[in-house]
Amino acid sequence: MALNTISRSALRTKERVFASLRCLSTSPWASFEMAPPDPIIGLNEAFAQDDYPQKVIVGVGAYRDDKGKPYVLPSVRKAEKLMLERGLDMEYAGIAGEPRFVDLAMKFVYGDDSTALNEGRIQGVQALSGTGGLRVFGELMKKHGAKTLYLPNPSWGNHNAIFTNAGLEVKKYRYYDAENSDLDFDGMVEDIKGMSAGSVILLHACAHNPTG
């Protein structure tokens with residue numbers, strides 16, 4: 001009797017395994033290919049495994065302490081504390097984000113006396129991270145007739161895919177002078193002047209990624 005019980009249990013287990021395998025093979029996700037690994041994430045993993053005592057990582061634009069751990073700025077901690085003390089109700093923001101936040105952010109970046117800002121020639125929306133913001137921007141430009149977007153050479157690794165998937169043709173303009181480790185200003189200006197009307201230019205306004 002005990003052997004029969006074990007046999008029936010083993011048979012049920014085997015049937016469940018085969019059923020699971022059938023589900024996997026017929027899953028709508030079965031034909032999806034994994035995206036290629038992010039070279040920056042791979043660099044982080046290699047850094048973590050390196051036992052060199054004086055190692056320094058410069059691959060990700062984030063503040064770190066002397067032990068390589070994330071460092072949260074005191075100003076950020078203060079802002080967190082102020083937000084908690086105010087007991088905000090967490091209401092949904094509008095589709096373009098929190099207007100007051102966007103307004104203050106643009107004034108912080110361009111200055112209260114910015115002519116372009118005061119004339120309404122600069123607009124901003126709140127988006128989910130830099131990557132999310134770029135995708136929203138790419139789709140907006142495509143919807144309103146843009147066909148080509150120019151990236152600095154080099155640019156962050158995922159930028160080409162972001163704008164290509166948004167439906168834009170991606171081209172590059174000269175930016176970095178690798179021989180002299182400097183900005184190729186003359187080459188950049190020449191390429192910008194040669195762009196067709198209506199082209200979109202992506203500028204890294206602060207701390208060009210990935211050259212710094």
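Values reported hereafter were calculated over all heavy atoms of this structure, with side chains retained and with hydrogens, waters and symmetry mates removed.
By the 4.5 Å side-chain criterion applied to Ile, Leu, Val, Met, Phe, Trp and Tyr, L84 is assigned to no cluster and stands alone. Taking Ile, Leu, Val, Met, Phe, Trp and Tyr as hydrophobic and joining them when side-chain heavy atoms fall under 4.5 Å apart, one finds L203 in a cluster with Y150, Y173, Y175, Y176, L183, F185, M188, V189, I192, M195, I201. Through side-chain heavy atoms spaced under 4.5 Å, either directly or across other Ile, Leu, Val, Met, Phe, Trp or Tyr residues, W29 is tied to F32. Other members of a hydrophobic cluster containing L82 are absent, since no ILVMFWY side chain comes under 4.5 Å of it, directly or through relayed contacts.
Under the side-chain contact (heavy atoms from CB on, under 4.5 Å) test applied with H159, the options L149, T131, L202 reduce to a single match, L202.
With sequence neighbours excluded, the residues forming a side-chain contact (heavy atoms from CB on, under 4.5 Å) with E119 are T115, R121, listed by chain and number. For K55, the side-chain contact (heavy atoms from CB on, under 4.5 Å) test picks out F47, D50, Y52, with sequence neighbours left out. Qualifying salt bridge (Lys or Arg N to Asp or Glu O under 4.0 Å) partners for K142, counting only residues two or more places apart in sequence or in other chains: none. Residues forming a side-chain contact (heavy atoms from CB on, under 4.5 Å) with L128 (at least two apart in sequence, or on another chain): none. Taking the side-chain contact (heavy atoms from CB on, under 4.5 Å) definition, one finds that N153 meets it with K172, sequence neighbours left out.
Minimum interatomic distance between N165 and R135 (heavy atoms only, all atoms of both residues): O-NH2, 3.4 Å. Closest non-hydrogen pair, V102 versus A96, comes out as CG2-O, 4.0 Å. The two residues N160 and V170 make their nearest non-hydrogen contact at OD1-CG1, 3.3 Å. Residues E98 and A93 approach most closely at N-CB, 4.0 Å, considering heavy atoms. Here the closest non-hydrogen pair linking Y63 and L73 is CE1-CD1, 3.8 Å. Looking at every heavy atom in both residues, G132 comes nearest to A127 through C-CB, 4.3 Å.
Note on residues 146-162: no pairs pass salt bridge (charged side-chain N to carboxylate O under 4.0 Å, His left out), not counting sequence neighbours. Listed by first and then second residue, the salt bridge (charged side-chain N to carboxylate O under 4.0 Å, His left out) pairs that reach into residues 70-82 are R77-E80, K81-E85, sequence neighbours excluded. For residues 88-130, the set of pairs meeting the ring pair (Phe, Tyr, Trp, His ring centres under 6.0 Å) definition, not counting sequence neighbours, is empty.
Side-chain heavy atoms closer than 4.5 Å link hydrophobic residues (I, L, V, M, F, W, Y) into clusters, and following such links, even through other members, never connects V109 to L104. No single ILVMFWY cluster, assembled from side-chain heavy atoms under 4.5 Å apart, contains both V136 and M141.
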Dump the intermediate steps for side chain to side chain contact (heavy atoms under 4.5 Å, CB included) on K171 and L151, then the final yes or no. CA-CA 6 Å; K171 296 183 179 181; L151 296 175; over 6 Å; no
Just do the side chain to side chain contact (heavy atoms under 4.5 Å, CB included) check on D103 and R100 with the steps written out, would you? CA-CA 5 Å; D103 180 61; R100 177 66 172 158; 4.0 Å; yes
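Of the possible donor and acceptor atoms, none in the side chain of S114 sits under 3.5 Å from a partner among the backbone N and O of G111. For the pair D65 (side chain) and K69 (backbone), a donor-acceptor distance under 3.5 Å is present. Checking side-chain atoms of N180 against main-chain N and O of D182 turns up no donor-acceptor pair under 3.5 Å.
In this structure, the separation between CD1 on I162 and CD on E139 is 11.0 Å, given to the nearest 0.5 Å. S199 contributes atom OG, which lies 10.5 Å from atom CG of L168 (distance to the nearest 0.5 angstrom). Annotation: the span from N158 atom CG to L134 atom CG amounts to 8.0 Å, rounded to 0.5 Å. Atom-to-atom distance recorded for N118:CG and D113:CG is 7.5 Å, nearest 0.5 angstrom.
Around atom CD1 of I95, no more than 12 heavy atoms belonging to other residues, nucleotides or ligands sit under 6.0 Å away.
Residues E190 and R174 are in side-chain contact: their nearest non-hydrogen atoms beyond the backbone lie under 4.5 Å apart.
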